[in-house]
Protein chains: 2
Amino acid sequence: MTRPRIKDVARLAGVSEKTVSNVINDYTHVSERTRRAVRDAIEQLGYKVNLAGRHLRQGRTGIIALVVPELDVPYFAELARHVIREAEKRSLTVLIHDTGADRDHELAALTGFGSSFVDGVILSPLALTPDDLRDRADAPPTVLIGELLEEGADHVAIDNEKAAREATEHLLSLGRRSILVIGGRDEAGLGTAEARTRGYLAALREAGVDHDPAALLPVRSFGMPDGAEAVNRVLGEGGRPDALLCLNDQLALGALRALYEHGIRVPEEVAVIGFDDVEAGRFSVPTLSTVAPDKAAIARVAVELLQRRMDEVAGPTPADASAPGPRSPQDLVVAHRLVLRESTEGAGARSAACRPTTA
Amino acid sequence: MTRPRIKDVARLAGVSEKTVSNVINDYTHVSERTRRAVRDAIEQLGYKVNLAGRHLRQGRTGIIALVVPELDVPYFAELARHVIREAEKRSLTVLIHDTGADRDHELAALTGFGSSFVDGVILSPLALTPDDLRDRADAPPTVLIGELLEEGADHVAIDNEKAAREATEHLLSLGRRSILVIGGRDEAGLGTAEARTRGYLAALREAGVDHDPAALLPVRSFGMPDGAEAVNRVLGEGGRPDALLCLNDQLALGALRALYEHGIRVPEEVAVIGFDDVEAGRFSVPTLSTVAPDKAAIARVAVELLQRRMDEVAGPTPADASAPGPRSPQDLVVAHRLVLRESTEGAGARSAACRPTTA
DNA sequence: CAGCCAATGTACATCGATGTAAAAACAAGC
DNA sequence: GCTTGTTTTTACATCGATGTACATTGGCTG
């Protein structure tokens, strides 16, 4: 038995194919009687619309892609869930893609995977250059999250510079003066790491604390091994920091482990703070202070923005015709907050940490 | 400017549309001259095949779905990467879906998301019942991973019973006799938790150690909060285990944290072992002993099996016509190994743990 | 009850790629 | 040169849903 087609439904309900289509799509002018008859027929045959046909006709798939560098970085996985939930509200399906931080894969994502079967793309780039972004001719609507590569693209993120400044200020307020930045980068630039580094420098400057260029520890990647390695390197060279500003939680968790192996107490000797507020940081020993981005908001805003772009492409409805052409690129900022746990505050709040909010 | 169609390519190359299609699909009988001409035209126009058209015509999308309960459980995220990589080799695209452990979502996945636009599904069920699986009429080819719900379905997993027995035997060999199973379930059944519980019981029996039914600690879900909560409950009731067999690493990491909060040393007082070998367990304090499934193999075998099923659906080629109809359901077992770290072995291997294999 | 408007319903073309069947081109053999 | 057989290429129908344009129906007014 082959799947029922709209034709079969039409025959059973005794109406034309178009009428069935009208019922399916909630077209206004269908009498209640016909509507019910069609619904019954659909029910009886177990009819499901065939996406291929609809897609071909409408030029839309209802699928958006979420493209991240590494899905096994918890931050991206958590973000993905929010995006999925947000998209579901708009009856969009999310295709998650993992580029392995590879430029070619990111490029492929930008062009809609060679053949446009996604209506839009939410991209968290890592390896792309601004140039890559500039000359995308027939790319689907795209929203960037995290890294801002170019001023001309839609973008959603927290205020990284401000967040880093706040985190650094907190470390300074604890009396720490020798603060290393794991993942820090000196160059001016649009990247997240650069913005956070700027925030760190600003806080130091404001507090009148000297900046040692060697305090910026570059990392190859942003995983736990890299965090541990950076700490090992510093300590091996005789460095004696009293605080670590880690540019994400993975680095921080790796750093915590390395400090433990060196017998260094956290936070008594070294305070540690990260970025992202991943779940593991609520259960690590010690628990991890962190900059918590509002992930739900990032997802919501990104999907909203993307949807608006997709609607633009679909052609403005007569009502919108007065709109001033394509909106200019948006750069939206969502909230973040500093979450203080044991890695900066001591073990005073120990037991409380064990019952984290699951939101 | 609208995207070029096959028609445009045909016109430019001075051939028919079908010939262009033949070139694209590497059809045998096309002269070298025409082939080159068509290739040039494609290049010149920047033509990309339109999936919608192809899909409608062929009934295949080249998309398979990977459906997991919770993407932010690192095990699933890590598995997802392997599946993506494996699918890529076969030029399949992976649509990752997160059901939130919700039965309705899992059901929707089974039926190809209401409208078949996926050619096949790899499903890691949690909330489904065997019945759900049985009466799927027009479902796409499906391979289960992890939970085995029903004997009649294709399935890939490690030998959970054996793995749990080995883990338990190891704890026993350390002289531990009061071993709790976090996430354990008494009922006989096909589920992963049940199989692992059986392995635990088998090891106890073989070692002549009595089993206390209260040693099986049920959990609501399999996250870090649940692991911590279980430990808190036990200790609060005055329990004094000397080992914990946690049915996944998330539970184990939560348990480690709770033990720490109670001032209980691991492994001196309580040894802990988990399942899954997630990256966080290589950096926790202490590092986590675990049963490491060969995730790459699970992914590879699952995709292979799924592909075979999809090919069957596509209709056997004349060559295969002799094949004895649809192959019977496969239940494939992949390798696992016991990885011993500080949570059972003491801190002897401390420094080594910090440079984990990144494989 | 004619006349008109709005509400419903229908036939048909269309989206883009590809399978089918058959025509056209070409080669080889007598 | 003509038949026969094989490549190569083409015209056309088809996959399933939906937009367009028009036909029909029913209700209401004067």
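For the numbers below, each heavy atom of this structure counts, side chains included, while hydrogens, waters and symmetry mates do not. Proteins come first, then strands; the chains are lettered A, B, ... in the order of their sequence lines, and each starts at number 1.
A straight line from CD of B/E32 to C1' of D/dT9 spans 16 Å, rounded to a whole angstrom. The interatomic distance linking B/Y27 (OH) with D/dT10 (P) rounds to 13 Å, in whole Å. Note: CZ (A/R35) to P (C/dT8) measures 9 Å, nearest angstrom. When the P atom of D/dT7 is taken as reference, atom CZ of B/R33 falls 19 Å away, rounded to whole Å.
For D/dT8, the OP1/OP2 oxygens have no side-chain nitrogen or oxygen of B/T19 closer than 4.0 Å. For B/S31, a side-chain nitrogen or oxygen approaches OP1 or OP2 of D/dT9 to under 4.0 Å.
Counting only distance, with no hydrogens or angles, the side chain of B/N50 and the backbone of B/A52 share a donor-acceptor pair below 3.5 Å. A distance-only check finds no donor-acceptor pair linking the side chain of B/D98 to the backbone of A/R81 [under 3.5 Å]. In this structure, the side chain of B/D119 engages the main chain of B/G62 through a donor-acceptor pair within 3.5 Å. Between the side chain of B/E147 and the backbone N or O of B/T192, at least one donor-acceptor pair lies under 3.5 Å. Side-chain atoms of B/D72 do not come within 3.5 Å of backbone N or O of A/A77 as any donor-acceptor pair. The main-chain N or O of A/P140 is found under 3.5 Å from a side-chain atom of A/T142 such that the two form a donor-acceptor pair. Looking at A/D294, its side chain never comes within 3.5 Å of a backbone N or O of A/V334 through a donor-acceptor pair.
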Grab the N/O contacts between the protein and nucleotides 24-28 of chain D below 3.5 Å, and write none if there aren't any.
none

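Across B/T61 and B/V118, no two heavy atoms sit closer than the pair OG1-CA, 4.0 Å. When all heavy atoms of B/V94 and B/I84 are compared, the pair lying nearest together is CG2-CA, 3.9 Å.
The terminal axes of the helix from C/dC1-D/dG30 to C/dC30-D/dG1, fitted over 5 pairs per end, subtend an angle of 50° to the nearest 10°.
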Note to self: I'd like to know whether B/R11 forms a salt bridge (Lys or Arg N to Asp or Glu O under 4.0 Å) with B/D8, so could you lay out the CA-CA distance, the side-chain angles of the two residues, the decisive distance to 0.1 Å, and finally the verdict.
What the structure shows: CA-CA 5 Å; B/R11 187 157 32 213; B/D8 308 313; 3.3 Å; yes

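For CD of B/E32, the number of neighbouring non-hydrogen atoms (other residues, nucleotides, ligands) closer than 6.0 Å is greater than 12.
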Checklist line | nucleotides 11-18 of chain D: protein proximity per nucleotide (B base, S sugar-phosphate only, - neither; heavy atom, under 4.0 Å) | finding: B-BBBBBB

